[in-house]
Amino acid sequence: MKKYIYSFGGGTAEGGASDMNLLGGKGANLAEMATLGIPVPPGFTISTECCNYYLQTGGLYPENFEKEFDRALALVEKAMGKGFDDPDNPLLVSCRSGGRQSMPGMMETVLNVGLTTRTIQGLIRQTGDERFVYDSYRRLIMMYADVVMEKAEGLDPEKGFGIRARLETILNDWKKDRGYVSDTDIPARELLEICEQFKVTVKSVLKTEFPDSAKEQLMRAVGAVFKSWNGRRAVAYRRIENIADDWGTGVTVQSMVFGNMGDDSATGVAFTRNPATGENVFFGEWLVNAQGEDVVAGIRTPYPLNEETKTAENSRDPSLQSLMPEVYQELLDIRKTLESHYRDMQDIEFTIEKGRLFMLQCRVGKRTGTAALNMAMDMLEEGLISEVTAITRVRPQQLDELLHPVVDPQDEKHAEVLARGLPAGPGGAFGHIVFTPEDAVEWARAGKKVILVREETNPEDIEGMRSADGILTARGGMTSHAALVARGWGKCCVVGASALEIHVASRKIKVGDKVLKQGDLITLNGTKGLVYEDKLKMIDSMENPRFRMFMEKVDRYRTMGVRANADTADDARLALSYGADGIGLYRTEHMFYGSNSDEPLFLLRKMILSTSGRERRNALAALFPFMKREIKKTLEVMDGLPVTIRTLDPPLHEFVPHSKAQQAEIAKSLGIDPSEIRRRSEDLMETNPMMGHRGVRLGITYPEITEMQVRAVLEAAAELTVQGLRPQPEIMIPVTSEVQELVVVKRLVQKVYEEVTARYNLAGIVYKFGTMIETPRAALQADKMARVTEFFSFGTNDLTQMCFGLSRDDFGRFMTEYMDKKIIRDDPFQTLDRDGVGELMTIAVEKGRKSRVDLKIGICGEQGGDPDSVAFCFEKGMDYVSCSPYRLPIARLAAAQAQIRLDGNQGVHISPTHK
Ligand code: PEP
Ligand code: MG
């Protein structure tokens with residue numbers, strides 16, 4: 001019979017950390033901690049398989065489940081010496097969710113399950129603390145009504161009218177009317193009255209009684225936690241994080257331990273190292289006389305864990321280290337045990353019940369990119385992990401964050417700080433103030449940079465947080481929801497900026513006597529926790545020496561080449577500084593855009609609008625020196641490294657002049673009437689220019705255009721060779737679909753080659769001749785294409801466009817709908833579509849290499865900088881990927897990790913072969 005329930009506690013456990021898929025992260029790690037002898041309250045975990053069964057059958061449990069459940073509960077009762085639903089000595093339990101991958105705050109938890117009119121008196125007798133019992137009861141009613149009776153029943157009241165909000169209002173009004181500052185000021189008798197009011201409200205709003213049977217509470221709580229896997233927040237989060245819908249959640253039913261039993265009780269969360277910076281210090285937050293959720297929810301701003309991590313903001317708050325030194329020492333020992341066992345930074349939750357410490361959770365902690373890198377390097381130096389592990393510890397996307405802008409310190413020096421908070425998410429960001437997640441989504445969609453400003457965030461804000469460039473909250477600590485989520489995404493975030501008075505209704509923030517409105521610009525420094533008015537300058541954060549050391553190690557494991565798409569000598573220099581092995585795509589047409597392009601553009605236009613061969617040749621001759629100079633500059637910067645230079649690709653009408661003045665100027669230069677220019681321009685118009693007269697087709701119709709470019713490349717290379725340099729140009733022909741196109745162009749290239757070598761009196765010039773593979777037909781004809789070329793470069797922008805039969809410029813308009821409806825998972829213009837485009841590439845690689853074993857193959861479409869696409873290119877045995885200079889470190893790390901995966905994490909050193 002299949003097993004669905006796994007028990008833990010008292011120094012033993014069924015299952016452990018390796019059972020993450022079956023038990024979810026929380027269940028698996030609780031079992032592991034129990035086995036390590038760390039104090040965890042006893043309990044059991046119901047498997048993710050049971051969750052899937054429950055959800056698929058619309059709420060049924062598998063055969064034998066009940067028996068297993070009763071047996072597991074009896075074990076907990078025995079370990080605790082208490083009975084569930086026992087009126088004399090009652091056991092209370094928590095029901096917690098826990099997926100395979102952490103989804104902070106996205107699913108539900110119910111605490112204090114088992115408190116009923118039958119058990120309340122028993123618990124009061126046992127604890128001698130009436131106040132504590134009613135405090136727990138009011139928490140149970142609020143949580144249970146919200147999670148089990150409302151959300152799990154599919155009720156979706158309007159914002160602010162949910163049962164939790166209503167009950168919170170009762171509690172807040174109660175405190176306000178009587179002048180209480182904190183929940184802990186409310187005396188026991190009044191808490192009882194509040195509980196009664198809560199129950200009346202639950203009945204009148206939800207139309208059913210709050211259940212007074214312990215068993216009913218428990219079974220419905222388990223079901224509700226299962227159902228929360230399909231809650232709106234959880235589903236939205238899975239979309240963003242690419243978590244599969246069929247993983248399901250585990251439910252851990254665990255004996256309650258209480259952090260709200262007086263001043264010798266507490267609850268807290270901590271990271272074994274600083275998750276924002278990676279620094280090797282114990283870092284956390286805690287609250288006296290509180291229950292778990294209070295810390296994460298940001299209801300009270302928690303205290304710092306120790307003296308070392310105090311900041312100017314919280315220097316007066318008591319630390320756990322100073323108030324409960326013995327417990328702190330025990331926690332420090334557990335920190336050490338956990339780090340040396342898991343060999344990674346852990347995120348932990350603990351509760352102290354009357355001076356006794358219990359661990360409620362541990363999991364690998366989320367961290368910023370900076371922290372991931374620093375921790376990997378530190379742990380390597382400490383001998384905790386191997387070099388291979390260090391390299392796999394940083395996700396390629398996280399490097400992006402390291403390369404992201406920070407507030408310019410110069411600019412910052414002169415700016416006045418508007419408010420201070422905690423540095424919860426790295427880097428800098430500026431944007432327009434918005435107050436609701438809905439506005440954040442809408443404004444960002446309209447192309448605006450926004451900072452989402454909230455009193456505190458909750459999991460419902462997730463989509464708005466995603467859309468915002470930065471997040472700012474007035475309340476909450478480093479482990480509040482906003483901080484956890486922002487850090488996971490590497491998003492700039494400042495929390496707990498308590499000087500901010502946020503008025504959502506009037507869309508205003510008051511800070512002292514200043515008032516900021518919706519739409520005003522502010523800047524955040526998420527690394528320091530500072531807020532500024534207006535927009536400050538941002539700069540790159542590349543100077544980190546740790547980053548360079550890390551990338552050196554990465555390159556030692558990388559076998560696939562990583563090149564840059566770069567169109568100017570400046571781009572080439574940037575590419576080298578980011579570690580490029582060469583240039584994989586030099587788009588010649590870029591010399592006709594941007595600065596210093598006026599003259600070459602004028603000559604190009606003249607050439608385009610020429611009708612006779614003689615006119616065109618004259619214009620080309622005038623253009624030639626510009627082309628040669630630009631190419632030569634780039635070849636010089638990249639000396640000794642390959643530079644793939646693509647011949648002119650775009651349809652010519654893209655360059656046609658539109659203003660009357662420009663048309664007149666060209667007309668004058670050609671000695672014709674401006675109306676003739678307009679007529680010739682009209683002749684060049686195409687219905688589908690991206691599928692029209694472009695790429696190699698231009699060279700077939702106007703061979704003189706290709707000839708001029710090939711001459712520019714070869715003469716530039718010849719002159720550099722004469723100077724003693726080692727240029728390595730690669731001439732690449734775009735948009736080919738038939739081998740005969742290449743045969744014709746190759747003949748031309750050979751003719752020019754002979755002329756240039758003769759002219760410069762050289763025995764030879766090093767160069768290669770190749771084609772882009774960016775039409776499906778080229779991929780299918782790859783065997784033939786490879787007979788006349790030495791390299792292929794996949795132009796996966798065009799290949800994706802033509803494979804799907806949809807324009808890359810129009811796709812954005814309906815792409816989100818395709819993704820929302822799960823028709824496709826990723827944007828194929830960002831992440832290679834393995835099934836379609838990938839299949840064409842596979843055919844091309846196989847056929848191409850069959851014709852020519854040493855055929856060099858790369859990719860230069862946008863996907864070349866995407867980690868998953870890099871892994872695909874590696875798996876297909878390609879020689880290199882090429883991407884924008886800023887994405888080079890990401891591609892380098894992704895390529896190294898792909899090699900490490902192939903080696904089975906053996907840690908073998910491979911000498912690079914990619915250059
Ligand atoms: C491509 O099609 O992938 C490519 C690199 O060329 P372009 O984007 O310039 O068409
Ligand atoms: Mg293309």
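By convention here, the first residue in the shown sequence is residue 1. Read the numbers this way: they start at 1 and go in the same order the structure lists the ligands and their atoms.
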4.5 Å side-chain heavy-atom contact, Tyr586 and Asp571: no
Closer than 4.0 angstrom, basic N to acidic O: yes or no for Lys449 and Asp469? yes
Contact partition for Met690 relative to ligand 1, non-hydrogen atoms under 4.0 Å: neither
Degrees at the Mg ion (ligand 2) between the OD2 atom of Asp798 and the OE1 atom of Glu774, nearest 10°: 90°
Atoms of ligand 1, numbered as shown, that sit under 4.0 Å from any heavy atom of Arg694: 10 (O)
Ile859 versus Met878: any side-chain heavy-atom pair under 4.5 Å? yes
For atom 6 (O) of ligand 1, the protein heavy atom that lies nearest, with its residue and separation: Arg646 NH1, 3.0 Å
Between atom OG of Ser610 and atom CZ of Arg605, what is the distance when rounded to the nearest 0.5 Å? 13.5 Å
Which atoms of ligand 1 have any heavy atom of Gly861 under 4.0 Å away? 3 (O)
Side-chain contact test, heavy atoms from C-beta onward, threshold under 4.5 Å: evaluate it for Pro727 versus Thr721 and give yes or no. yes
Answer yes or no on whether Arg563 is positioned over the face of Tyr880, meaning its NZ or CZ is under 6.0 Å from the six-membered ring centre and within 45° of the axis. yes
Can you tell which part of Asn797 has a heavy atom less than 4.0 Å from ligand 1: side chain, backbone, both or neither? both
Please check whether Glu589 reaches ligand 1 - meaning an N/O of the residue sits under 3.5 Å from an N/O of the ligand, judged on distance alone. no
What I want to find out is whether Glu741 reaches Arg777 closely enough, with some N-O distance under 4.0 Å, to be called a salt bridge. no
Counting from 1 in the order shown, the ligand 1 atoms closer than 4.0 Å to a non-hydrogen atom of Gly795 are 1 (C), 2 (O), 3 (O)
Evaluate the side-chain proximity of Phe794 to Gln863: yes if any heavy-atom separation is below 4.5 Å, no if none is. no
Which of the numbered atoms in ligand 1 are below 4.0 angstrom from a heavy atom of Cys860? 5 (C)
Given that the side chain starts at C-beta and the backbone is N, CA, C, O, which of these parts of Met772 lies under 4.0 Å from ligand 1, counting heavy atoms, or is it both or neither? side chain
Within 4.0 Å of some non-hydrogen atom of Arg587, the atoms of ligand 1 are 4 (C), 5 (C), 6 (O), 7 (P), 8 (O), 9 (O)
Location of contacts on Leu585 toward ligand 1, heavy atoms closer than 4.0 Å: side chain
Short version for Leu799: what comes under 4.0 Å of ligand 1, heavy atoms counted, is neither
Close side-chain approach of Thr775 and Val735, heavy atoms under 4.5 Å: yes
Ligand-residue contact atoms, ligand 1 with Asp649, heavy atoms, under 4.0 Å: 9 (O), 10 (O)
Nearest heavy-atom pair of Lys628 and Ala716: which atoms, and what distance? O-CB, 4.0 Å
For the Mg ion (ligand 2), decide whether Asp649 has an N, O or S atom at a distance under 2.8 Å. no
